[in-house]
Asker: 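Following this message is one structure expressed as structure tokens.
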Amino acid sequence: MADVVLYAFDTMADWEYAYITTVLQMQARGGDDRYRLVVAGATGEPVTTLGGLRVLPERALTEVAKDDIALLLLPGGNTWLDGPHQQVLDLARRLLDARRPVAGICGATRAMARAGLLERHAHVVDADADEPDYPGSASRVHASVAHDGPLVTAIGEAPLEFSRAVFTLLDLDDAAGIDAWYASFKSVPDAR
């Protein structure tokens, strides 16, 4: 069993990872034991999400074994550009250097860009007009999501597309199954 590590921090954007954590837990309850969801923070102290939920990390980042990580999941949040996130950015760098999966959305992509983590992969950066030049900017694509090798990046307005790319990266189902899941949310008729 490998760990999908959700990085927890004050102001993390609840909706950007919710599909991923829910599907992983549903799969686990259904008997799929390939992945274990681990919530890890800079410390083991509780954090408060943008939605006001209190989240208690199971582990501090220092307690997470790099070799056990199947995916490091970096949600957006309001503190990426001025908060204490160097520890998780260093972990993301080590994982990407080892070609291990990292997925970032919204503000996390901006922090990853500024840290030089996106240089070797096609990627998107949220609010890219605010980040015109950074190491790897030549590899930026203008889309809602990019999946290149071990890296998935997305803008904050695309949590469904982000989740679909993460599910593909983790091989949670075949392409048809993942597309059907996506369509079940994206193709909802107006019920008014």
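Values below: all heavy atoms of this structure, side chains included; hydrogens, waters and symmetry mates excluded. Since this is a predicted model, take the numbers as computed values, not measurements.
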Asker: Please confirm whether the backbone N or O of L151 pairs with a side-chain atom of D148, one donor and one acceptor, at under 3.5 Å?
Answerer: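 Answer holds: no.
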Asker: Considering residues at least two apart in sequence or located in another chain, which fulfil the side chain to side chain donor-acceptor pair (under 3.5 Å) criterion with R94?
Answerer: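 Checked R94 against side chain to side chain donor-acceptor pair (under 3.5 Å); zero matches.
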Asker: Mind checking whether F185 and Y19 have ring centres under 6.0 Å apart?
Answerer: yes
Asker: If we ignore hydrogens and angles and just use 3.5 Å, is the side chain of R36 paired with the main-chain N or O of V5 as donor and acceptor?
Answerer: no
Asker: Side-chain polar contacts of residues 103-112 - donor-acceptor pairs under 3.5 angstrom, sequence neighbours left out - could you list them?
Answerer:
| unit_1 | atom_1 | unit_2 | atom_2 | d |
| --- | --- | --- | --- | --- |
| T109 | OG1 | C106 | O | 2.6 |
| T109 | OG1 | D126 | N | 2.9 |
| R110 | NE | E131 | OE2 | 3.0 |
| R110 | NH2 | E131 | OE2 | 2.8 |

Asker: Which residue pairs pass the ring pair (Phe, Tyr, Trp, His ring centres under 6.0 Å) test with at least one member in residues 75-100, sequence neighbours excluded?
Answerer: Y7-W80, Y7-H85, F9-W80, F9-H85, W80-H85
Asker: Of all residues at least two apart in sequence or in a different chain, which pass the salt bridge (Lys or Arg N to Asp or Glu O under 4.0 Å) check with D173?
Answerer: none
Asker: Quick one: does any side-chain atom of T49 pair with a main-chain N or O of L53 as donor and acceptor, under 3.5 Å?
Answerer: yes
Asker: Is a side-chain donor or acceptor of S139 paired with a backbone partner of A122 at a separation under 3.5 angstrom?
Answerer: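 Looks like no, no N/O pair under 3.5 Å.
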Asker: Side-chain polar contacts of residues 20-30 - donor-acceptor pairs under 3.5 angstrom, sequence neighbours left out - could you list them?
Answerer:
| unit_1 | atom_1 | unit_2 | atom_2 | d |
| --- | --- | --- | --- | --- |
| T21 | OG1 | Y17 | O | 3.4 |
| T21 | OG1 | A18 | O | 3.2 |
| T22 | OG1 | A18 | O | 2.7 |
| Q27 | NE2 | D32 | OD2 | 2.8 |

Asker: Does G76 offer a backbone N or O that forms a donor-acceptor pair with the side chain of E16 under 3.5 Å?
Answerer: yes
Asker: Under the salt bridge (Lys or Arg N to Asp or Glu O under 4.0 Å) test, which residues partner K66, sequence neighbours left out?
Answerer: none
Asker: Do NZ/NE/NH1/NH2 and the carboxylate oxygens of D3 and R59 come within less than 4.0 Å?
Answerer: yes
Asker: Compare every heavy atom of W181 with every heavy atom of S163, then report the nearest pair and how far apart it is.
Answerer: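 Minimum heavy-atom separation between S163 and W181: CB-CH2, 3.7 Å.
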Asker: Going by atom types only, do E119 and Y134 share a side-chain donor-acceptor pair under 3.5 Å?
Answerer: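 No, Y134 and E119 have no side-chain donor paired with an acceptor closer than 3.5 Å.
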Asker: For the residue pair N78 and D82, what are the closest heavy atoms and their distance?
Answerer: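 So the two residues come closest at O-OD1, 4.1 Å.
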Asker: Would L71 and V166 count as a side chain to side chain contact (heavy atoms under 4.5 Å, CB included) if you check the C-alpha gap in whole Å, the side-chain angles of each, and the deciding distance to 0.1 Å?
Answerer: CA-CA 9 Å; L71 173 73; V166 167; 3.6 Å; yes
